[in-house]
Every structure is written in C-alpha cells, then in structure tokens.
Amino acid sequence: MGARVRATVGATVAVALGVASCLGACGSAAPAKPSVVPMADAIPAPVSAHPDPGADFSLTGATVLVSPGGAATTPTDWLAGLLRRGTGFSLPVVAPGGHASSRIVLEVDGSDPTIGDQGYILEISHSQVLIRANAGEGLFDGAETLRQLLPATIETAHSPGPWAVEGGQITDYPLYPWRGASLDVARHFFPVSDVERYIDEVALYKIDVLHLHLSDDQGWRIAISAYPTLTSVGGSTAVGGGTGGYYTQAEYQQIVAYAAGRYITVVPEIDMPGHSNAALASLPQLDCGGKVPPVYTGIDSGISTLCVGTAATDQYVSTVLGELAAITPGPYIDIGGDEDTLISGSEYDAFVSQAAQTVVADGKIPVGWADIATTDDAQGTTATLPTGTITEYWNYQSAPPDTGQNSSEKLKVIFAPADHAYLDQKYDPGTTLGLDWAGPVSVEQAYDWEPTDYGVPSGEIEGVEAALWSETLTSMADIEYMALPRLPGIAEIAWSPPSTHSWSAYRERLAAQAPRWQAMGINYYRAPDVPWPS
Ligand code: TNX
C-alpha cells in the first residue's frame with residue numbers, strides 16, 4: 001500500500017492549496033503535501049492501479065468539468081452535484097477545448113473494448129482527471145472511484161478541503177454483469193426516500209441491480225390497478241403489526257428513475273406461488289377453498305400458497321406481472337418461487353413454467369429463486385424454464401441449480417448463498433438485529449467466498465447479490481447497520497478479479513471507508529474483525 005498516508009475525516013491538513021503553511025517548527029523541510037487516499041484502497045479493488053505520486057491532482061475553485069459539447073450527461077451531472085455540494089465550488093460543466101488549468105474530463109471514446117460498457121480508465125495528473133469509457137455507465141463507475149479517492153469530507157456539504165487526489169492510472173472493469181443488492185420492502189415497508197438513500201449507498205460500491213422484494217406473506221407493496229385490495233388490505237400491515245404501506249405506480253417509477261440515474265436496474269419481485277398470504281388476504285378467488293385468511297404479521301415461512309391451476313389465479317398472475325412489466329423499463333421480472341411446500345411438485349412445476357412464460361410474453365427475462373430450477377419432488381421433474389432464465393442460489397444447504405439440466409434449457413445463476421451473502425443474518429450471536437438460521441455471517445464470512453466454488457460453469461454465473469431481508473429491520477438505520485460493513489465485500493467479490501481477493505488486505509481497505517460513512521451519516525456496525533480508525 002506504500003508509505004502514503006490515509007485520508008481521515010477531520011484530519012488536520014495544515015496546507016493551503018498548493019502552499020505549505022507551517023504551524024510551528026517546519027524548519028527547512030519540504031512543504032507538507034495534503035494526504036491522499038491510495039488508489040489501491042478503492043472498493044471494489046480495481047483491476048489495475050498504478051499510482052504516480054508526482055502527479056497528484058487538486059480540485060479547486062478553478063476546476064471545470066468537461067463533457068462533450070458542454071452537455072449535461074447523467075454521469076457528469078451526478079459528479080458535478082456531488083463535488084459542488086462537498087466543496088461549495090461552482091464547477092461549471094464546459095465543452096472541450098477551453099483553457100482551464102484544472103479539469104475533470106468525462107469522455108466516451110470507445111477505444112478499449114476490453115473494459116466493456118461498465119469499465120473505465122481513470123488517468124489522474126497534476127492538471128487533469130480524465131475518465132474514459134465506452135458508455136455512460138462506465139463513466140459513472142469511474143466517477144464513483146474518483147469519489148472514493150477524494151477525502152471523505154467530500155461527503156459533507158461545504159467542507160473546507162483541500163481536495164487532493166493521488167496521481168496515476170486505473171484501468172477497471174467488472175468480473176460479473178449482475179452485482180445486486182436486494183431489499184425486502186414486504187416484511188417492513190420502507191418509503192421512497194429510504195430506498196433512494198440505499199441506492200446511493202450501494203452505488204458507491206458499483207452495485208448495478210436493485211432487487212426489490214415487493215410482496216410476501218406480510219405485505220403487498222406495489223399498487224396494481226386491476227386489484228386495489230392488494231394494497232388496501234395486503235399493504236395495510238407488516239411484521240409485528242405496523243401500519244405497512246405501499247408504492248403507487250408513480251412512486252415505483254420514481255425509484256426506477258432514481259436508480260437509473262446511478263445506472264442501477266430495478267428488478268421487481270412478486271413472490272409466488274408461496275409467500276402469498278398478503279395476496280390471499282386481499283383476493284378471495286386466489287384460495288382453493290375461497291377462504292380469506294387474515295393478514296399475517298408473524299415471521300414463519302411456508303404458511304401460504306396460491307391455488308394453482310385455476311382461471312382466477314392465472315388471471316391474477318398475468319395481470320399483476322403485466323402491470324409490473326409495463327412500468328419496469330429494465331429487462332427482468334422476478335417471480336420468486338421459493339419455499340412452497342403446500343402444493344405437489346408437479347403442480348409447482350406447472351405453475352412456475354407458466355409464470356415464466358408469462359414474463360417472456362411480457363417481453364422480459366424471468367428471474368426466480370433457485371427453487372424454480374430444482375428437482376425436489378417425487379416425480380423428479382422440474383419446471384420448464386425459458387432459455388436465459390436467471391435463478392438465484394440462496395439455500396447453501398442444497399446444490400445449485402443444474403444450468404443445463406435438459407438440453408432445451410440454459411439457465412444463468414446469481415449467487416446469494418445465505419451463509420455468506422445474507423445481510424439479514426446476525427454478525428455474531430450478540431447482534432441485536434437480524435436472524436441466525438444461516439449465520440452468524442461475520443464481515444470476513446461475507447467477503448471470503450467465491451461464486452465459482454459451487455460447481456456452476458463460470459460462463460453460467462451471471463453474478464452475485466447481497467440480500468437484505470427485513471423481518472427484524474424497521475428503519476433506515478437498521479438497514480445500514482446490517483448492510484455496512486458487509487455489502488462492500490460482496491460487491492468486491494462481484495466486481496474485482498479473484499486475484500485481488502485477500503481478507504487480510506481487504507480488512508484494512510474496508511476500515512478506511514469508515515470516515516466516509518461517518519461523513520455520510522451512515523449507521524454502520526464497528527465489527528471487531530476490522531481495524532477501524534479510532
Ligand atoms: C429465506 S431466501 C427466505 C426469505 C426470508 C429469509 C430470511 C428465500 C428465497 N426465502 O423469505 O426472509 O430466508 O433470512
């Protein structure tokens with residue numbers, strides 16, 4: 001990591017921009033330089049980083065942002081907003097070709113195919129920061145790296161600076177395309193502002209998928225115009241009996257747009273045929289006996305199933321998925337499919353096969369828990385899934401799905417093994433929040449694993465997801481406490497080359513993130529396995 005000093009919040013840097021100011025005995029020593037964040041400290045670890053200590057950049061009141069034609073683009077706007085708030089500088093966005101002495105240039109130049117659409121090249125020199133990429137999302141990822149290389153005080157409005165960035169070059173691109181974070185808004189409901197805040201937090205670590213768990217036994221959280229009782233009844237409560245809540249379609253679209261502004265794709269999940277009590281309590285036609293169960297506020301699983309194979313259920317599935325697809329610009333719709341033991345294997349397979357086809361008919365790619373591709377019934381059959389269906393591995397006690405199990409199917413797998421990637425599990429037995437059926441999951445445990453360890457061919461691994469269930473979580477502070485510091489490790493498993501993975505080095509880099517979280521007002525857990533700055 002070299003001899004350079006880590007930037008810390010509140011570090012007293014007795015240096016005016018570029019001018020040494022000696023408080024006391026400086027003698028004839030060379031002027032002190034502002035401390036900088038070492039490039040290699042970025043999380044996720046970059047593919048390659050070559051610091052050039054003679055070429056540090058300083059962000060000043062004279063810095064301009066340069067974008068093609070001086071036009072506002074998503075990454076330029078985002079970066080300008082962050083830097084203006086932190087520094088109080090005006091940081092105008094200008095067209096290339098001016099004479100500014102200090103510039104941050106964002107450029108889509110298409111010159112390096114190896115970095116793909118999400119990769120970037122970041123070149124930092126004395127007078128210029130240059131971020132090059134093949135697409136806007138690569139520029140955004142590069143901008144998030146630049147953010148991490150600035151002092152943590154950039155996260156606090158109108159901080160005094162100075163704003164030095166280590167010189168050198170980073171070339172960086174992701175290992176897997178799906179770097180997900182899931183959020184369970186069904187067990188407890190979280191308002192739009194909380195979801196947006198979580199989007200900002202996970203974007204810092206280059207997460208690019210937000211998987212929203214919108215329905216479960218305890219709550220239905222998205223307005224469906226054909227079935228208003230889903231929200232008026234199914235959305236009326238939560239685990240423990242709170243008041244619940246739901247998103248209007250406009251609010252959901254607001255979340256989708258906010259995520260898109262950070263190049264994050266929202267994947268909405270309606271869980272079926274199990275985990276459906278909120279729907280059953282709202283719509284009598286979904287129960288085989290026509291019974292209407294009461295709303296459910298406990299935390300048991302396996303308590304409910306849709307009545308499968310009926311016209312009413314078929315209509316419910318196609319209507320709900322159709323309305324959801326119509327307000328979801330992203331390519332995926334998640335049908336859940338976990339833990340239904342109340343119907344037979346063949347009923348389950350037929351239901352899942354049809355639901356997946358409905359998603360395809362709506363122009364989307366089906367996603368579901370690995371249960372949808374698992375042969376666990378007496379007949380030894382599985383659902384017939386469309387090629388390209390994405391299955392999410394979670395139950396670490398069972399084998400991952402066989403991606404090529406019959407010749408017509410080629411499935412992809414995302415890895416969220418509960419004993420590593422479930423952020424709802426306690427950190428240790430003493431953690432007050434969280435469940436423990438797959439845990440505890442320490443910070444090390446969340447980092448120290450590889451999706452390639454499970455026997456799925458690497459070409460069929462779509463990515464990794466950090467899952468956050470909310471049975472025990474009721475506030476944004478709870479969400480943050482469970483996600484941080486574990487989520488960055490899962491993000492690094494998803495982004496960085498396995499050769500960079502090293503717990504002993506990572507824990508030091510992770511510790512250096514704490515000042516940034518403090519500056520952002522994040523409620524994180526000071527886990528004992530990380531050497532936090534005091
Ligand atoms: C299992 S993971 C579940 C969720 C729970 C979670 C709690 C999965 C597909 N099902 O319904 O919230 O465990 O850890």
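Both counts, for ligands and for their atoms, begin at 1 and track the order of listing. Heads up: numbering here begins at 1 and tracks the sequence. Note that the structure is a prediction, hence the values are computed from the model and not measured.
- Ion pairing between a basic and an acidic side chain is recognised when a charged N comes within 4.0 Å of a carboxylate O; R147 and E155 show such pairing.
- Taking a cutoff of 4.0 Å between a charged side-chain nitrogen and a carboxylate oxygen, R509 and E492 qualify as a salt bridge.
- Residue nearest to atom 12 (O) of ligand 1, selected from E269, E471, E339: E471 (by heavy-atom distance).
- Between I461 and W178, every side-chain heavy-atom pair lies at or beyond the 4.5 Å cut-off.
- Residue W437 has at least one nitrogen or oxygen atom sitting less than 3.5 Å from a nitrogen or oxygen atom of ligand 1, judged on distance alone.
- The option with the heavy atom closest to atom 10 (N) of ligand 1, from among D271, L423, D436, D338, is D338.
- In terms of protein heavy-atom proximity, atom 7 (C) of ligand 1 is nearest to D424 OD2, 3.2 Å.
- Using a cutoff of 4.0 Å between basic side-chain nitrogens and carboxylate oxygens, R507 and D529 are not scored as salt-bridged.
- Nearest to atom 2 (S) of ligand 1 among the protein's heavy atoms is Y422 OH, 2.4 Å.
- Within the 4.0 Å heavy-atom cutoff, E392 does not count among the residues contacting ligand 1.
- Exactly one of W369, Y332, W469, Y198 qualifies for a ring-ring contact (aromatic ring centres under 6.0 Å, His included) with H211. That residue is W369.
- Between the side chains of E465 and Y422, no donor N or O sits under 3.5 Å from an acceptor N or O.
- The contact set between ligand 1 and W369, taken as ligand atoms under 4.0 Å from a residue heavy atom, comprises 9 (C).
- Counting atoms of ligand 1 from 1 in the listed order, those under 4.0 Å from a heavy atom of Q425 are 14 (O).
- The pair D194-R197 does not count as a salt bridge, with every side-chain nitrogen at least 4.0 angstrom from each carboxylate oxygen.
- Given atom 11 (O) of ligand 1, the protein heavy atom at minimum distance is R187 NH2, 2.9 Å.
- A salt bridge links K410 to E460: at least one charged side-chain nitrogen sits closer than 4.0 Å to a carboxylate oxygen.
- Taking every heavy atom of L435 and a limit of under 4.0 angstrom, the matching atoms of ligand 1 come to 7 (C), 14 (O).
- Taking 4.0 Å as the cut-off, H213 does not count as a neighbour of ligand 1 on heavy-atom distance.
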